[in-house]
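Just so it is clear, the model here is predicted, and its values are computed rather than measured. Proteins get letters first, then strands, A, B, ... in listed order; numbering begins at 1 in each. Values below: every heavy atom of this structure, side chains too, minus hydrogens, waters and symmetry copies.
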Amino acid sequence: MKNILARAEKLGCKIPRIKSEEIDKKLAPVLRLIEDVGIKVDVKSLKRLSEKLKVKSEKLRKEIQKNAGEEFNVASPTQLAKILFTKMKLPTGELKRTKSGFSTGASELEKLRGGNPIIGKILEYRELSKLVSTYLEPLPKIVDENFRLHTHFGTDTRTGRLTSANPNLQNIPIKGDFGPEIRRAFIAEKNCKLISADYSQIELRVVACLSGDKAMVEAFSSGVDIHSRTASELFRVPIEKITNDQRRLAKTVNFGVIYGISPYGLSQTLGIARESAAEYIFRYFAVHGGIKKYCEEQITQAKKLGYVETLFGFQRKLPEINSADRIKSESAQRMAINTPVQGTAAEILKLALIRLADQMQVLNQKSKIKSQNGGVKIILTVHDEVIVEAPVKDAESVAKIMKETMENVVKLSVPTEVEVGIGDNWDETKKV
DNA sequence: ACAATGGTCC
DNA sequence: ACTCGGACCATTGTA
């Protein structure tokens, strides 16, 4: 059995000769610098939003209790379940169970929407209180004297990804009504811009590369929208006739592939029957034989050698793959599929960070940029994204350099496209 | 102090 | 008889 790097090179990839441990060693000082620089936050707007959402959520709490006809702790899943299912006798037919009773998780409550107006209010209450208690209240308390937040990165993950903690800046909201508003509070210093550069579909591109799947390599090389292409394959419809719903479903299937897809898992996230999910998977693998083969080979290797590895040699042991417990062995099988994908994508980003840090140092030594506003600085990274702060006048050229650098850090068998955006705040960098 | 539950991100 | 991968954090409720 050939290892993953040898296979990739046979497929035409140009991979720098560096091991994952070496990458992490070079990365350490880069991460330290990013942590020390930090990212500026508009504390006032966070506090303003916090107060606003607290008022809204308090109103909702009162309405919920009124509907329930009782004062109880809405934040307590046990008390909430008692109200919904014992007192109000809402239907529990299809609902998932927890150890103590019926689940009140969002995906379960979603099934009860329309059944009673209390459900929507609970979901909205949860959304608002989450934002307030996890982001809006804590973050302003931990900014430094320059209103900057300093995260702490870690490298001790099962796949080689980075972690971010105290605070975690890798799960700052982006969706919903208030996600963008929160991201608008992550701002550039005076006379500076934020530049965000993120790899487009990096994990799927890695799948294409590691598997050599012809249809997928062709899709990425031609530059079509990958989810629409998948939808066209699944529904056997020309790509121009794909509906939004079809594309959304195909997107979920594509993510499923990265995670080590199973009919049950896919049916859960799509909220469809297991049989339908199985049919989609069947169709997917009928078109993407190379990916099917990749999955099988990863499982075979894990069983034989006890581990799987990434393009740069990071290894993850998977002893449970030979377990008699099917739950455990199948879980290990999905890890065997996912770890090389997620891990390789992480390594690509790490290499990009190292190269970017080098380039920034060179840029800052060309005294022009240097003196003004402290020069160009990497201030955050979020799995497939790098955010830089740069003087306004340098923003355009820095953006170009970032795109160029990141796209060329490795040569996969498909293009590694990077999207860049410039703005006064994090949200703005994602627009246009 | 710790597990369970739930939720945010990529 | 039911898990789609990887993280961190808040709250509740039990120990």
Side-chain angles (χ1 to χ4, degrees), chain A residues 72-81 94 96-109 122-123 125-139 151-176 178-179 182-183 198-204 206-207 252-270 274 277-278 280-281 295 298 308 316 318 320 325-343 345-346 349 380-385 426:
Chain A
F72 69 104
N73 187 347
V74 184
S76 160
T78 45
Q79 293 184 39
L80 183 61
E94 305 282 304
K96 243 193 271 178
R97 287 163 184 280
T98 64
K99 299 199 168 169
S100 43
F102 290 104
S103 165
T104 67
S107 61
E108 304 310 303
L109 293 188
I122 293 166
L123 289 168
Y125 170 83
R126 284 241 182 96
E127 181 188 352
L128 301 183
S129 51
K130 174 75 178 179
L131 297 179
V132 170
S133 71
T134 306
Y135 307 100
L136 299 176
E137 293 271 12
L139 293 182
T151 188
H152 301 272
F153 290 109
T155 52
D156 52 339
T157 60
R158 317 292 221 288
T159 60
R161 264 195 182 181
L162 298 177
T163 62
S164 160
N166 307 305
N168 181 359
L169 294 183
Q170 293 187 326
N171 71 346
I172 300 301
I174 188 170
K175 299 176 195 161
F178 304 104
I182 292 174
R183 289 202 172 201
D198 65 286
Y199 283 105
S200 158
Q201 307 296 345
I202 186 65
E203 290 190 338
L204 279 178
V206 168
V207 169
T252 306
V253 172
N254 277 331
F255 274 105
V257 168
I258 294 168
Y259 298 154
I261 202 162
S262 77
Y264 176 73
L266 186 62
S267 74
Q268 284 300 299
T269 38
L270 284 175
R274 214 168 37 255
Y280 289 127
I281 294 171
C295 296
Q298 290 308 306
V308 292
R316 179 178 187 177
L318 294 169
E320 306 222 293
D325 184 338
R326 225 189 68 203
I327 303 283
K328 286 182 181 163
S329 71
E330 288 183 359
S331 172
Q333 289 180 17
R334 289 192 296 277
M335 294 172 190
I337 293 164
N338 174 265
T339 298
V341 177
Q342 191 182 121
L349 182 103
L380 190 60
T381 175
V382 189
H383 305 308
D384 61 0
E385 174 182 14
W426 196 0

Reading nucleotides 6-12 of chain C from the 5' end, what letters show protein touch, with B for base, S for backbone sugar-phosphate only, - for no heavy atom under 4.0 Å?
BSBSSSS

Going 5' to 3' along DNA chain B, between which two nucleotides do contacts with chain A fall, using a heavy-atom cut-off of 4.0 Å?
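Contact boundaries, 5' end first: B/dA4 to B/dC10.
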
For A/Ile337, which residues count as a side chain to side chain contact (heavy atoms under 4.5 Å, CB included) partner, sequence neighbours excluded?
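If we apply the side chain to side chain contact (heavy atoms under 4.5 Å, CB included) test to A/Ile337, skipping adjacent residues, the hits are A/Tyr294, A/Cys295, A/Ile299.
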
Could you pull out all residues at least two apart from A/Thr163 that satisfy side chain to side chain contact (heavy atoms under 4.5 Å, CB included)?
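Residues passing side chain to side chain contact (heavy atoms under 4.5 Å, CB included) with A/Thr163: A/Asp156, A/Thr157.
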
Scan [X] against the nucleic acid and name what it touches under 4.0 Å (heavy atoms): base, sugar-phosphate only, or nothing.
{"X": "A/Ile172", "value": "sugar-phosphate"}
{"X": "A/Thr252", "value": "base"}
{"X": "A/Leu131", "value": "nothing"}

Between B/dG6 and C/dA1 - C1' atom distance, rounded Å
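About 24 Å, rounded to a whole number of Å.
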
Please state the C1' separation for the pair C/dC2 and B/dG7 - nearest whole angstrom.
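After rounding to an integer number of Å, I get 22 Å for this pair.
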
How would you list, by chain and number, every residue that makes a ring pair (Phe, Tyr, Trp, His ring centres under 6.0 Å) with A/Tyr259, sequence neighbours excluded?
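Checked A/Tyr259 against ring pair (Phe, Tyr, Trp, His ring centres under 6.0 Å); zero matches.
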
Using the ring pair (Phe, Tyr, Trp, His ring centres under 6.0 Å) criterion, which residues pair with A/Tyr280? Sequence neighbours excluded.
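A/Tyr280: ring pair (Phe, Tyr, Trp, His ring centres under 6.0 Å) contacts with A/Phe235.
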
I'd like to check the side-chain hydrogen bond (donor to acceptor under 3.5 Å, both in side chains) partners of [X]; sequence neighbours left out, ordered by chain and number.
{"X": "A/Arg126", "result": "A/Thr104"}
{"X": "A/Gln333", "result": "none"}
{"X": "A/Thr151", "result": "A/Ser164"}

Could you tell me the separation between the [atom1] atom of [X] and the [atom2] atom of [N], rounded to a whole number of Å?
{"X": "A/Leu266", "N": "C/dG5", "atom1": "CG", "atom2": "P", "value": "13 Å"}
{"X": "A/Phe255", "N": "C/dC4", "atom1": "CZ", "atom2": "C1'", "value": "13 Å"}
{"X": "A/Leu80", "N": "C/dG13", "atom1": "CG", "atom2": "C1'", "value": "15 Å"}

Rounded distance (nearest 0.5 Å) linking atom NE2 of A/His383 with atom CG of A/Asn171:
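If I round to the nearest 0.5 Å, the distance is 8.5 Å.
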
Is the shortest heavy-atom distance from the side chain of A/Ile172 to the side chain of A/Arg183 under 4.5 Å?
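Yes, side chains in contact.
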
